[in-house]
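The structure under discussion appears below in the form of structure tokens.
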Amino acid sequence: MKKKIVSVLLIAALIVGLVAFRNRTSSEPEKESEVESVDDSYVYNIAACLSDDNEYNQILLQGFTDCLSDYLGESHISITTYTPAEEVTTDQLVNTALSKSPDMIFTAGKSALTSATEATDTTPIVATGIVDFKGTLRITSLNGKSWDKTTGINVTGVSSKPPIVDQVSLMIEATPDLQTVGILFTPEDTDSIYQNEIFEGYLDQAGIPWKEYIIPASENDTVVQEEQASTALTPSKYTAYSAKTGIDDIVEALEEDTVVGLNAPSSTRVAETSEFWTGGKIVTSHSDDETDENTEEETTTEATSKTEETEEETLESLIQEVCDECSVIYIPFGSSITDQMETISSIATESDVVIVGGDNTIAENSLVTLFTDPYSLGYSAGKKAVKVFDGEDISTIKITYGDSDEAVKLYNGEIAEELGIEFPKSFHELHEYLSTYEYGSNTTRYIYSGE
């Protein structure tokens, strides 16, 4: 009898142990290559919120979707896409998405991420299409420490910031007579300012003179910066974000009222000039026999003329001024002056000035650009989502960037012909390359084997 009781107890203990082992194993975070062991009956519901319904964001989403299908299995994911309409803001579409209680939110673009972080601090958010995560999320570095690329909140993702050091190399390679560089931006475009300052840092290292020029945004510009860059204390004012100095949250009181204060003077972004600037490029004159007095007189007359026209300065006159002083112009990724590129390019090309563009849209009116496949960025963002579903703490998953080795050097054949510039085989002609390129064709994908 005792032997039977002992046997029963041993069997019971063995069953309990097996159940405990199975439960413990299933709750442990799985490695990235073992995610296919997810319960066959479970489906992850994901809300994809796009800032704009454009090709770039759709390709980001496609890469993200394919990654989750590759790692989790297509039957285990359900993605609902939300895009803003004429009378639907990103705030409204994010709130609509959250009302469905998704397991995760995927965002493409700045406004969608900003709306999502304001709407929830619990639902995991994986974002891409963001140039500057630190500035967008208002992350401040404490005690002078450098940012460790984690957000500390329910957000992670992949930045769309291009490899700027490679853009500098591209500029040097593509500009026959590189003397001075013109940097264009609008004061409200914080993403452009962020990229410009990084670009300028590399120019300083190389001893290349640069000068910034403020180009007013056109009436057609749809970039809304104020809501994205405001502070809690002064919601109607811009707070400066600098790639060099970080966020300026200092508020100057208006009399004794700190709530109705004004941002510190440094919060107003003005055009800057490098320490190497000595007055613009040197242009070879066809009348070398003219006297210095005549040259000085012409310069004075030109300066006076410019002063008289200052109040009625047009885009054309501004760009002509840039071209008179600079041998190359840099316009960063996602610039808010993209819709004015046709005018800028026409004047620059006529003045034999090279334009280095930051993205494919700007490249239509630039001499050179670097191409990075947005599908690859979306796929990388998908890998971060897999980590979240696998149990990792999203607040500790680092923000990463695209692979600079995948960047392709492109040149605009039409502009190159007008400027009389030939490119080596390491460059591809813009239109020929993009007309045949298949997005995602250079992305290494995971092969799902769970079904």
Side-chain angles (χ1 to χ4, degrees), residues 131-132 135 161-162 164-165 167-168 170-172 175 178-218 221 223 225 229 238-248 263-281 303 306-307 309-310 313-341 343-345 347-348 351 353-359 362 365-367 369:
V131 171
D132 173 24
K161 178 174 73 67
I164 295 181
V165 65
Q167 290 181 334
V168 175
L170 179 74
M171 177 197 69
I172 294 173
T175 310
L178 178 54
Q179 297 183 49
T180 53
V181 181
I183 312 288
L184 309 188
F185 73 100
T186 64
E188 302 84 7
D189 191 351
T190 55
D191 281 344
S192 287
I193 293 170
Y194 172 74
Q195 295 174 83
N196 288 346
E197 291 187 349
I198 297 174
F199 194 90
E200 291 160 7
Y202 289 119
L203 295 180
D204 287 341
Q205 292 178 24
I208 300 174
W210 53 266
K211 182 178 179 180
E212 294 180 346
Y213 300 84
I214 295 178
I215 307 298
S218 71
D221 178 32
V223 176
Q225 298 290 345
Y238 296 113
T239 294
Y241 180 78
S242 168
K244 301 174 184 175
T245 60
I247 297 174
D248 178 8
N263 286 358
S266 57
S267 294
T268 302
R269 190 61 164 78
V270 297
E272 298 181 356
T273 304
S274 79
E275 60 180 302
F276 302 107
W277 187 265
T278 57
K281 65 183 179 182
K306 284 186 177 181
T307 302
E309 295 176 359
T310 298
E313 203 164 29
T314 63
L315 174 64
E316 289 79 4
S317 63
L318 280 169
I319 300 306
Q320 190 59 62
E321 178 185 346
V322 178
C323 293
D324 289 343
E325 296 184 331
C326 302
S327 48
V328 60
I329 293 173
Y330 171 67
I331 302 175
F333 174 90
S335 171
S336 60
I337 63 174
T338 298
D339 61 335
Q340 303 181 77
M341 279 303 302
T343 299
I344 295 172
S345 177
I347 297 171
S351 302
V353 172
V354 167
I355 295 180
V356 177
D359 58 52
I362 299 173
N365 293 287
S366 304
L367 177 63
T369 192

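Any value given below was found using the heavy atoms of this structure, including those in side chains, with hydrogens, waters and symmetry copies removed.
In this model, a donor atom of one side chain and an acceptor atom of the other lie less than 3.5 Å apart for Tyr330 and Gln167. Looking at Asn196 and Glu200, their side chains never bring a donor and an acceptor atom within 3.5 Å of each other.
Using a 4.5 Å heavy-atom threshold, the side chains of Thr186 and Ile193 count as separate. Under the 4.5 Å side-chain criterion, counting only non-hydrogen atoms from C-beta, Val356 is not in contact with Leu367. Looking only at side-chain heavy atoms (C-beta outward), Ile214 and Pro187 come within less than 4.5 Å of each other. At a threshold of 4.5 Å between non-hydrogen side-chain atoms, the residues Leu203 and Ser274 do not count as touching. The shortest side-chain heavy-atom distance between Ile198 and Lys161 falls under the 4.5 Å cut-off. Looking at Pro209 and Gln179, their side chains never come closer than 4.5 Å, going by heavy atoms from C-beta outward. For the pair Ile337/Ile344, a side-chain contact is recorded, criterion being any heavy-atom separation below 4.5 Å from C-beta on.
Atom CD1 of Ile215 sits about 8.5 Å away from atom CD1 of Ile329, to the nearest 0.5 Å. The distance from the OG atom of Ser336 to the CG atom of Asp189 is 3.5 Å, given to the nearest 0.5 Å. Interatomic distance, CG of Leu318 versus CG of Leu184, reported as 9.5 Å (0.5 Å rounding). Put simply, CD1 on Ile183 and CD1 on Ile331 are 10.0 Å apart, with the number rounded to the nearest 0.5 Å. Note that CH2 of Trp210 and OG1 of Thr273 are 6.5 Å apart. Values are rounded to the nearest 0.5 Å.
When all heavy atoms of Val181 and Trp277 are compared, the pair lying nearest together is O-CZ3, 4.5 Å. Closest non-hydrogen pair, Ser218 versus Gln340, comes out as N-NE2, 3.5 Å. When every heavy atom of Met171 is checked against every heavy atom of Leu178, the shortest pair comes out as CE-CD2, 3.9 Å. Of all the heavy atoms in Thr180 and Gly280, the pair that sits closest is CG2-C, 4.1 Å. Contact between Ser335 and Ser192 at its shortest, heavy atoms only, is CA-OG, 3.5 Å. Counting all heavy atoms, side chain and backbone alike, Gly182 lies closest to Val322 at CA-CG1, 4.4 Å.
Of the possible donor and acceptor atoms, none in the side chain of Thr338 sits under 3.5 Å from a partner among the backbone N and O of Ile362. Remark: side-chain polar atoms of Lys281 are paired, donor with acceptor, to backbone N or O of Cys326 under 3.5 angstrom. The backbone N or O of Val328 sits nowhere less than 3.5 Å from a side-chain atom of Thr175 that would complete a donor-acceptor pair. Asp359 places a side-chain N or O within 3.5 Å of a backbone atom of Gly334 that can act as its donor or acceptor partner. Between the side chain of Ser317 and the backbone N or O of Thr314 there is at least one donor-acceptor pair closer than 3.5 Å.
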query = Under the side chain to side chain contact (heavy atoms under 4.5 Å, CB included) criterion, do Ser345 and Ile355 qualify, and how do the steps go?
reply = CA-CA 7 Å; Ser345 177; Ile355 295 180; 4.3 Å; yes
task = Before giving the answer on side chain to side chain donor-acceptor pair (under 3.5 Å), spell out for Gln195 and Asp191 the whole-Å C-alpha distance, their side-chain angles and the decisive distance to 0.1 Å.
result = CA-CA 6 Å; Gln195 295 174 83; Asp191 281 344; over 6 Å; no
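Looking at Glu325 and Lys211, a side-chain N of the basic residue comes within less than 4.0 Å of a carboxylate O on the acidic one, giving a salt bridge. Using a cutoff of 4.0 Å between basic side-chain nitrogens and carboxylate oxygens, Glu212 and Arg269 are scored as salt-bridged.
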